[in-house]
2 protein chains.
Amino acid sequence: MLTEKEKRAFQDYLTQEGLKFSLQRMKIFETVLAGLKHLTANEIYKNVQKKYPGIGYATIYRTLRLLCDAGFCTELKCEDGACRYEQAFVNAHHDHLICTKCGRFVEVVDPQIERLQIRLFKINGFLPQRHRMELYGVCKQCRK
Amino acid sequence: MLTEKEKRAFQDYLTQEGLKFSLQRMKIFETVLAGLKHLTANEIYKNVQKKYPGIGYATIYRTLRLLCDAGFCTELKCEDGACRYEQAFVNAHHDHLICTKCGRFVEVVDPQIERLQIRLFKINGFLPQRHRMELYGVCKQCRK
DNA sequence: CTAAATATTGATAATGAGTATCAATATTAT
DNA sequence: ATAATATTGATACTCATTATCAATATTTAG
C-alpha cells in the first residue's frame, strides 16, 4: 500500500507538470512502488490488471515513461531484451549483481567503485552523468 | 584485411566445432574484425553487402551469434535498443565510456575497479562470470 | 573424383517489445 | 454545468531479432 507521502508526491508531480490525475496512473504508480522485484512492463501490466481490469498496454508504457521522467522509478535494459523497472522513491542509486542461473537480482553499491568511475570520466575528459554496472555470476544457492 | 593467423583461427574454430566453411561467414568475420567502431547488425549487413551482395539478414545474425559464441566478438546491448558488436580477437575485456551527445565510445579498463568488482561478487557469495559497465557522460568536444 | 549426407543460405514469415494514431472518455478550470 | 484539454484503450505499426523451409553449398566416404 502507498503511504500518504508517496501519494502526495505523485499528485504534486502531476499538478506541477500540468498533468491530470487518473486512477490508472495511480494504480501503476502503486504497483511499481510496491514491486520488490525488477518487473518487466508486461509483468506490471498483468499485475495492474488484477486491480484494474481493462487497462491498456499503452497506458502502462506511457505511465512507466512518466514515472521514470519524474524520477519515481528507473528503467533497466536487460540482457533478455526487455526492460525492467524498479521504484526509485526510497531506493537510491545502486548497481546489480545478477545470477545467470536463477535470475536473482542483488542491489549493490561500492563507494570505492563509484569514486573510481568518476576518476575515469575525468581522465577521459568526460562530464559524468550516470552509469550502469551489472555483475553476472552464479549465486550461492545455484552453486550447490 | 585479415591476417593469416586470424583466418586460421576462424577456420580452426569451424572445423573443431564440426561447422562448415562458407564465404559468407568469412566475409562477416572479416568485417567484424576490421570494424573499428561498434557496429549494429544492420550496419554490418550493409557493410558486408558491399563485398558480398545478396547476403541475407539471417546469415548476418546467425554468424554474429557464432562469432560471439566463439569469442571472436562481443555483443553490447545499447540504450537505443540495438546490439552493437565489436571484435574481441585482439581486444581484451574493457568497459565503455559513452558520450550522450555524439555517441562516441571510448574503451576503458580500470584494474582497481576490476578488483573491487571481484570483491563485490565474493562478498555476496557469487561466483564471478562477467560484467558490463557503461559510463555515460559528455565528451570534451561536445562540451565546447 | 563423385555421390550421398549434411550444414548453410536467403527469402520471408513470425515474434516480441515498444511506439504512434485516433476516436471515445475523463478530468480540470471557468 | 460546461467548455477546453488531457488521457485512455484498441489497435496498427515499427524495429530488431528469430524461426521456417526449400534450394544450394560443403564435406565426407567410397
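Here is the naming used below: chain letters follow the sequence lines, and residue numbers restart at 1 for every chain.
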Asker: Please report the distance, rounded to the nearest Å, between CD1 in B:Ile55 and P in C:dT12.
Answerer: 16 Å
Asker: May I have the distance from A:Leu76 (atom CG) to C:dG18 (atom P), rounded to whole angstrom?
Answerer: 12 Å
Asker: Of all the nucleotides listed (C:dT9, D:dA16, D:dT8), which has the minimum atom distance to the side chain of A:Thr59?
Answerer: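 Between C:dT9, D:dA16, D:dT8, the one nearest the side chain of A:Thr59 would be D:dT8.
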Asker: Within the 3.5 Å criterion, strictly below it, is a donor on B:His94 or B:Glu86 matched to an acceptor on the partner's side chain?
Answerer: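 The criterion, which ignores hydrogens and geometry beyond distance, is satisfied for B:Glu86 and B:His94.
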Asker: Are A:Leu76 and B:Met133 grouped together when hydrophobic residues (ILVMFWY) are joined by side-chain heavy atoms under 4.5 angstrom apart?
Answerer: no
Asker: Just checking, is any N or O donor in the side chain of A:Thr59 or A:Gln24 under 3.5 Å from an acceptor N or O on the other one?
Answerer: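 Looking only at side-chain atoms, A:Gln24 and A:Thr59 do not form any donor-acceptor pair under 3.5 Å.
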Asker: Given atom CD of A:Gln49 and atom P of D:dT8, what is their separation to the nearest angstrom?
Answerer: 15 Å
Asker: Can you tell me which nucleotide in D:dG9, C:dT9, C:dG18 comes closest to the side chain of B:Ser22?
Answerer: C:dT9
Asker: Distance check needed: C:dG18 P versus A:Leu39 CG, whole Å only.
Answerer: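 In whole Å, C:dG18 P and A:Leu39 CG are 13 Å from each other.
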Asker: For B:Arg65, look at atom CZ and say whether over 12 heavy atoms of other residues, nucleotides or ligands are found less than 6.0 Å away.
Answerer: no
Asker: Taking only N and O in the side chain of A:Gln24, is any of them less than 4.0 Å away from OP1 or OP2 of D:dG9?
Answerer: yes
Asker: Answer with yes or no whether the side chains of B:Tyr136 and B:Glu134 bring together a donor and an acceptor at under 3.5 Å.
Answerer: yes
Asker: What is the separation between atom CD on A:Gln11 and atom P on C:dT28, rounded to the nearest whole Å?
Answerer: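 After rounding, the gap between these two atoms is 9 Å.
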Asker: Which of the following nucleotides, C:dT19, D:dT7, D:dG9, is nearest to the side chain of A:Lys20?
Answerer: D:dT7
Asker: Applying a 4.0 Å non-hydrogen cut-off, can you work out what A:Phe21 is touching in the nucleic acid: base, sugar-phosphate, or nothing?
Answerer: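 Sugar-phosphate only.
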Asker: Checking contacts here: which listed nucleotide (C:dG10, D:dT17, C:dT21) is nearest the side-chain heavy atoms of A:Arg62?
Answerer: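 My answer, after comparing the listed nucleotides, is C:dT21.
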Asker: Let's see if you can work this out: which of D:dT17, C:dT19, D:dA19 has an atom nearest to the side-chain heavy atoms of A:Arg65?
Answerer: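 Of all the options, the side chain of A:Arg65 is nearest to C:dT19.
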Asker: May I have the distance from B:Tyr45 (atom OH) to C:dT12 (atom P), rounded to whole angstrom?
Answerer: 11 Å
Asker: B:Arg25 near the nucleic acid: base, sugar-phosphate alone, or nothing, with a heavy-atom cut-off under 4.0 Å?
Answerer: sugar-phosphate
Asker: Tell me: CD of B:Glu17 to C1' of D:dT27, nearest whole Å?
Answerer: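 Rounded to the whole Å, the gap is 17 Å.
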Asker: Without decimals, in angstroms, what is the distance between B:Tyr52 OH and C:dT8 P?
Answerer: 14 Å
Asker: Can a side chain N or O of A:Tyr61 be found less than 4.0 Å away from OP1 or OP2 on C:dT19?
Answerer: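 Checking C:dT19 against A:Tyr61, no side-chain N or O comes under 4.0 Å of OP1 or OP2.
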Asker: From C:dT12, C:dA17, D:dG9, pick the nucleotide closest to the side chain of B:Ala58?
Answerer: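 The nucleotide sitting nearest to the side chain is C:dT12.
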Asker: Please compare B:Tyr57 and B:Leu23 by the position of their nearest nucleotide in DNA chain D and report the one closer to 5'.
Answerer: B:Tyr57
